[in-house]
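The block underneath contains the structure these notes are about, expressed in structure tokens.
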2 protein chains.
Amino acid sequence: MSSGAISAATVGRLPAYLRSLVELAAADTSTVSSDHLAERVGVNSATVRRDLASLGITGTRGVGYDVKYLVFEISVELGLNQEWPVAVVGAGNLGRALANYTGLAERGFPIRLLLDNDPAKAGTSVSGIEVHPVSRLAALVRERSVAVGVIATPAEAAQEVADALVAAGVTSILNFTAHPIAVPDQVVVRRVDLATELQILSFYQQRGLASSTGVGVPLETS
Amino acid sequence: MSSGAISAATVGRLPAYLRSLVELAAADTSTVSSDHLAERVGVNSATVRRDLASLGITGTRGVGYDVKYLVFEISVELGLNQEWPVAVVGAGNLGRALANYTGLAERGFPIRLLLDNDPAKAGTSVSGIEVHPVSRLAALVRERSVAVGVIATPAEAAQEVADALVAAGVTSILNFTAHPIAVPDQVVVRRVDLATELQILSFYQQRGLASSTGVGVPLETS
DNA sequence: TAGATTGTTAATCGATTAACAATC
DNA sequence: TAGATTGTTAATCGATTAACAATC
């Protein structure tokens with residue numbers, strides 16, 4: 001648990017640090033300076049030192065940080081030594097794509113449960129994962145020690161599903177719908193929102209901040 | 001184009017404002033106060049007034065803001081009156097899922113081009129969209145007026161694909177790989193990064209900030 | 001010792017918010 | 001007119017960064 005004062009901004013940078021450090025380790029680089037790591041990740045070196053200090057990680061003056069130690073410590077912080085079983089709610093296009101996607105299990109997030117409220121889907125299976133009715137959510141979440149809930153339903157159902165996940169004791173939720181969900185304080189929610197990302201991109205297209213080359217000119221709709 | 005000084009934070013909130021405003025419009029609410037809108041979106045009312053003012057939108061003292069006008073103005077700002085043709089690079093699991101996903105076209109981002117560097121895939125089609133070899137990227141991007149490039153390749157290819165898109169004149173890129181890409185200033189990049197989101201969630205699980213209920217207890221790997 | 005780099009303080013920056021006069 | 005709400009100033013907050021003494 002170390003210090004305890006880790007800002008959300010720092011947490012958000014940890015995956016990028018780790019990615020770069022794993023590359024350095026693969027290239028047999030044994031130590032790295034905050035300056036070098038900062039450049040690779042695209043942040044300021046003082047920020048790197050701050051972030052590492054907040055994790056209780058120290059380097060050696062005049063030398064830098066030990067790459068392997070950094071990889072180990074950040075991996076532990078990110079919980080990468082453990083498996084976090086996942087429940088996916090919604091077996092539509094997205095839910096099935098997730099069930100087919102092997103990258104989740106490879107990263108320590110095996111899908112242990114796939115749920116859908118369409119009775120016709122119950123009993124079918126996707127990539128060897130059986131689809132269960134949502135009515136069994138609470139029992140199955142407990143039975144399979146689910147740690148992370150993924151909401152892959154239509155937006156209208158997002159809050160209802162979130163409530164059911166929280167009631168079943170799930171404390172981490174990944175919301176793929178455009179609908180923001182309200183949860184108690186101790187529950188952590190992240191949103192992966194394609195619609196919002198696209199709208200932000202089109203804002204910049206629209207403003208011409210991303211253009212002037214001739215392509216990317218809008219076509220009028222209808 | 002109005003004022004011009006719109007912060008990235010403001011842009012990031014526009015989709016949420018719009019979502020809430022569309023709901024209000026559907027419920028025939030004609031005006032809304034910054035206080036009410038703020039509560040719905042989960043921000044401070046001064047922030048709402050700031051954001052709207054930065055878009056050049058004014059309300060009426062004692063009354064509030066006109067809902068329909070707000071919907072119209074924000075839609076224009078977000079470029080929602082236009083279509084932004086999309087090129088998806090990578091016809092693997094993710095690329096095909098995107099090609100199958102109707103939500104993109106519904107939101108004004110029709111997929112006009114699907115590319116893959118596997119010669120065996122060239123000529124096949126997904127949801128009626130033909131797969132072309134990556135070698136034809138530049139020509140087809142121009143021919144089909146592509147505005148937005150989506151990178152759905154393995155992470156290793158991300159930078160190379162980004163370079164090709166930029167060279168072809170694409171100025172908005174949505175990167176689905178975990179690999180950050182470097183682009184010239186005038187190009188806008190957004191990343192949708194499942195791996196990072198999951199790692200952030202597992203950080204909080206690991207720290208027990210999202211727990212104490214008994215479920216979500218980690219299982220040791222290997 | 002001389003050079004490099006950390007760990008941390010103090011300055012800076014940008015964004016959020018409280019507060020309130022203006023005004024519908 | 002009285003009540004409500006905007007538009008904006010000034011205060012606050014949190015995060016980033018420059019700078020540098022400590023020290024390997």
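Scope of the values below: all heavy atoms of this structure, side chains included, with no hydrogens, waters or symmetry mates. All chains are named by letter (A, B, ...) in the order of the sequence lines, taking the proteins before the strands, and each is independently numbered beginning at 1. Everything numeric in this text was worked out from a predicted model, so none of it was measured.
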Whole-Å distance, A:Arg49 CZ to D:dA19 P, equals 13 Å
note: B:His36, atom NE2; D:dT6, atom P; distance rounded to Å ~ 12 Å
Looking at A:Arg50, I'd like to know whether one of its side-chain N or O atoms comes within less than 4.0 Å of OP1 or OP2 on C:dT9.
no
Margin query: Within the 4.5 Å heavy-atom criterion, are B:Val161 and B:Val134 side-chain neighbours or not?
Written below: no
**Request:** Could you tell me whether the side chain of A:Leu37 reaches within less than 4.5 Å of the side chain of A:Leu21, counting heavy atoms only?
**Result:** yes
Q) Does B:Ser34 put a side-chain nitrogen or oxygen below 4.0 Å from OP1 or OP2 of D:dT6? A) yes
Between CG of A:Leu52 and P of D:dT16 the distance, given in whole Å, is 13 Å
Discussion item. Is there a side-chain contact between B:Thr47 and the phosphate of C:dT16, meaning an N or O under 4.0 Å from OP1 or OP2?
Written reply: no
For C:dC20, the nucleotide meeting Watson-Crick or G-U wobble distances (both under 3.5 Å) is D:dG7
| query | Do the non-hydrogen side-chain atoms of B:Ile151 and B:Phe176 ever get within less than 4.5 Å of each other? | reply | no
Counting only side-chain nitrogens and oxygens, does B:Tyr65 get under 4.0 Å of the OP1 or OP2 atom of D:dA4? no
Separation of D:dT5 atom C1' from B:Asn44 atom CG, nearest Å, is 14 Å
Whole-Å distance, A:Asp35 CG to D:dA18 C1', equals 13 Å
B:Ile57 atom CD1 is separated from D:dT8 atom P, nearest whole Å, by 14 Å
Practice task
Look at all strands and tell whether B:Ser7 reaches a base, only sugar-phosphate, or nothing, counting heavy atoms closer than 4.0 Å.
Solution key: sugar-phosphate
- B:Ser33 and B:Asp35: side-chain donor and acceptor closer than 3.5 Å? no
Separation of D:dT16 atom C1' from A:Asp51 atom CG, nearest Å, is 10 Å
Query - N-O pairing of A:Lys68 and A:Asp66 below 4.0 Å - result: no
Checking D:dA21, C:dC24, C:dT17 against the side chain of B:Ala46 (C-beta onward), the nearest is C:dT17
Heavy-atom nearest nucleotide on DNA chain D taken for A:Arg13 and for A:Arg61; more 5' hit belongs to A:Arg13
Judged by nearest nucleotide, the residue sitting upstream toward the 5' end of DNA chain D, B:Gly59 or A:Ala9, is B:Gly59
